[in-house]
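The figures that follow rest on heavy atoms only: side chains count, while hydrogens, waters and symmetry mates do not.
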Amino acid sequence: MSEPLARPPSHLFYQTRQRRPMLDRGEGVYLYDTDGKAYLDGSSGAMVANIGHSNPNVLEAMRRQMEKATFGYRLHFENEPAEKLAARTAQYMPDGLDRVFFVSGGSEAVESCIKLVRQYTIAVGEPQRWKVISRFPSYHGSTLGALSLTGMATMSAPFAPMMREMPKIPAPTCYLDRDDLSDDERGLRYANMLRERILQEGPETVLAFIVEPIGGASTGALVAPDNYLPRIREICDEFGILLIYDEVMTGAGRTGRFLGGDHWPDARPDIVALSKGFAAGYAPLGAMVAARRLVEPVLDAGGFIHGYTYAGNPLACAAGLAVLDEIERQGLVHNAEVMGGKLKEGLESLMQRYPFIGDVRGKGLLLAFELVADRSTMEPLPKGLNAHVELVEEAYQRGLIVYSRRTRGGIAGDHFLVCPPMIVDDGHIAEILSKLDDSIAAFAAKAGLDGGA
């Protein structure tokens with residue numbers, strides 16, 4: 001077999017100089033490079049490809065729309081796909097959230113949320129409210145507005161002089177705590193940190209609290225105790241503060257409910273940000289979904305001072321509608337719950353074999369495991385092992401894609417998100433676990449760690 005031709009230099013650049021194989025095609029849960037190698041997409045890209053790749057029904061819906069119109073500026077025309085998708089999206093939301101504003105991605109969705117709630121407070125005569133409290137660690141996007149909410153110093157520090165960072169409270173990392181408290185006591189302790197911060201900031205200045213109902217890339221599928229979000233809701237109500245759910249990663253069924261927050265129905269949000277799995281990678285699409293009571297005063301006061309060129313794009317919205325059709329037709333929210341339970345059991349079995357796996361967590365098919373030096377203390381692995389890179393590379397060489405980040409504020413620690421498309425079956429789960437097992441064993445051998453029994 002002849003050697004492949006050397007690839008020419010690329011004019012593209014992204015985060016680093018690293019090159020990857022050239023993508024040829026995607027089919028179901030697999031991606032193929034131009035040499036024919038298959039990769040099981042064990043992270044759905046960046047937790048995006050919820051319904052898998054190249055779904056023929058979605059592609060056909062997009063072709064039909066392309067034959068009619070691919071663009072119509074929202075100030076010049078309304079379009080049927082956007083209207084239908086807005087109405088459909090509202091049906092999945094908690095009661096009262098029925099006004100939809102479309103965007104092209106997660107950062108834009110979060111940016112839209114904070115701009116709407118700010119304009120709302122001005123419209124109702126509370127212009128002194130401008131602070132949006134978030135958590136540390138957290139990730140809410142890379143635009144300057146969303147980055148001001150993001151609790152990850154490695155991402156925000158270079159831009160600090162260019163923005164106003166917002167107040168933070170600790171994320172409920174109960175799995176790291178070494179105390180005698182029960183889960184409920186820990187949940188209340190972390191939730192009440194919001195109340196303390198509101199009082200510290202001055203309640204009259206606080207506008208909103210933004211939270212991922214289940215942690216994403218920054219905390220690795222972190223699940224708080226069940227009383228955490230309901231108590232957060234109580235605190236927000238006490239001070240007249242709006243609750244924003246960042247469902248960019250957790251929405252569209254990935255956790256076994258349409259919204260991650262649906263696992264705690266008593267903690268209703270006032271506004272929701274959606275993207276990623278909302279159009280599942282078939283087109284750039286996201287949405288802000290807000291309560292009518294927030295939107296109407298803003299429109300009455302002169303309009304929403306915000307917008308994007310591709311807001312409500314008919315082709316993107318046609319793709320989004322078709323994705324929702326597939327989620328329903330195939331029962332993928334339920335499948336995420338069932339297959340996620342099996343995958344989590346498999347990850348927990350790996351934890352029993354490898355003593356340096358310190359925690360397995362998540363819901364549905366938003367799952368993660370964390371590597372540690374000492375499970376009893378949860379001390380991270382030495383940074384020099386570069387585990388969050390090296391283990392990903394071991395898996396990649398074996399045809400498995402997983403997603404990693406530094407656990408402790410982006411500086412130390414290593415967690416790995418295992419979040420395959422919601423179409424996975426038992427065979428795919430077995431393949432993921434087998435390749436992951438081989439990858440962990442290979443990493444352990446190179447790093448000089450106990451490889452397990």
Practice task
Please step through side chain to side chain contact (heavy atoms under 4.5 Å, CB included) for the pair E328 and E326, ending with a clear verdict.
Solution key: CA-CA 5 Å; E328 291 188 1; E326 288 302 291; over 6 Å; no

Would you tell me whether [X] and [Y] have side-chain atoms, one donor and one acceptor, within less than 3.5 Å of each other?
| X | Y | answer |
| --- | --- | --- |
| H306 | S112 | yes |
| D184 | S182 | no |
| Y175 | E370 | yes |
| N313 | Y308 | no |
| S44 | R254 | yes |
| T150 | H140 | no |
| Q352 | S349 | no |
| T255 | H263 | yes |
| T143 | E111 | yes |

Decide yes or no for [X] and [Y]: does some side-chain heavy atom of the first lie under 4.5 Å from some side-chain heavy atom of the second?
| X | Y | value |
| --- | --- | --- |
| V206 | W130 | no |
| P380 | V372 | no |
| T154 | I411 | yes |
| Q330 | N55 | yes |
| I327 | N50 | no |
| R88 | L321 | yes |
| I244 | V110 | no |
| S156 | M163 | yes |

Exercise for the section: Kindly write out the residues that satisfy side chain to side chain donor-acceptor pair (under 3.5 Å) with E238, not counting sequence neighbours, or none if the list is empty. Expected result: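 Listed in chain order: R195.
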
Do you know which two heavy atoms are closest between [X] and [Y], and how far apart they sit?
| X | Y | answer |
| --- | --- | --- |
| A273 | C113 | CB-SG, 3.9 Å |
| S275 | G106 | OG-N, 3.3 Å |
| P213 | G261 | CB-N, 3.6 Å |

Using 4.0 Å as the upper bound for N to carboxylate O, is an ion pair formed by [Y] and [X]?
| X | Y | value |
| --- | --- | --- |
| E337 | R257 | yes |
| D437 | R353 | yes |
| R268 | D95 | no |
| R408 | D414 | no |
| E394 | R398 | yes |
| R20 | E393 | yes |
| R186 | D180 | no |
| R129 | E126 | yes |

Problem - Intermediate values then yes/no, side chain to side chain contact (heavy atoms under 4.5 Å, CB included), R197 and M193 - result: CA-CA 6 Å; R197 191 60 192 254; M193 291 176 184; over 6 Å; no

Problem - Pairs where residues 368-410 contributes a residue and the test ring pair (Phe, Tyr, Trp, His ring centres under 6.0 Å) is met, not counting sequence neighbours - result: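 Residue pairs with at least one partner in residues 368-410: Y39-Y396, F369-F416.
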
Exercise for the section: Quick one: list whatever passes salt bridge (Lys or Arg N to Asp or Glu O under 4.0 Å) with D359, sequence neighbours left out. Expected result: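 So D359 forms a salt bridge (Lys or Arg N to Asp or Glu O under 4.0 Å) with R361.
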
Practice task
Calculate, to the nearest 0.5 Å, the distance between atoms CZ and CG belonging to R233 and L194 respectively.
Solution key: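 With rounding to 0.5 Å, CZ (R233) is 11.0 Å from CG (L194).
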
Practice task
Inspect the surroundings of CZ in R178 and state if more than 12 heavy atoms from other residues, nucleotides or ligands are less than 6.0 Å away.
Solution key: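 Yes, CZ of R178 has more than 12 neighbouring heavy atoms, counting only those of other groups under 6.0 Å.
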
Exercise for the section: Mark yes when over 12 heavy atoms from residues, nucleotides or ligands other than K446 sit less than 6.0 Å from its NZ; otherwise mark no. Expected result: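 Incorrect, the count does not exceed 12.
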
Exercise for the section: Determine yes or no for a side-chain-to-main-chain donor-acceptor pair under 3.5 angstrom, with T121 supplying the side chain and R118 the backbone. Expected result: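 Yes.
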
Problem - Main-chain N/O of L188 paired to N192 side chain as donor or acceptor, under 3.5 Å - result: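 Indeed, once roles are kept as given, a pair shorter than 3.5 Å links the two residues.
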
Problem - Y30 and H428 aromatic ring geometry - parallel, tilted or perpendicular at 30°/60° bounds - result: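 It falls in the perpendicular class, over 60°.
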
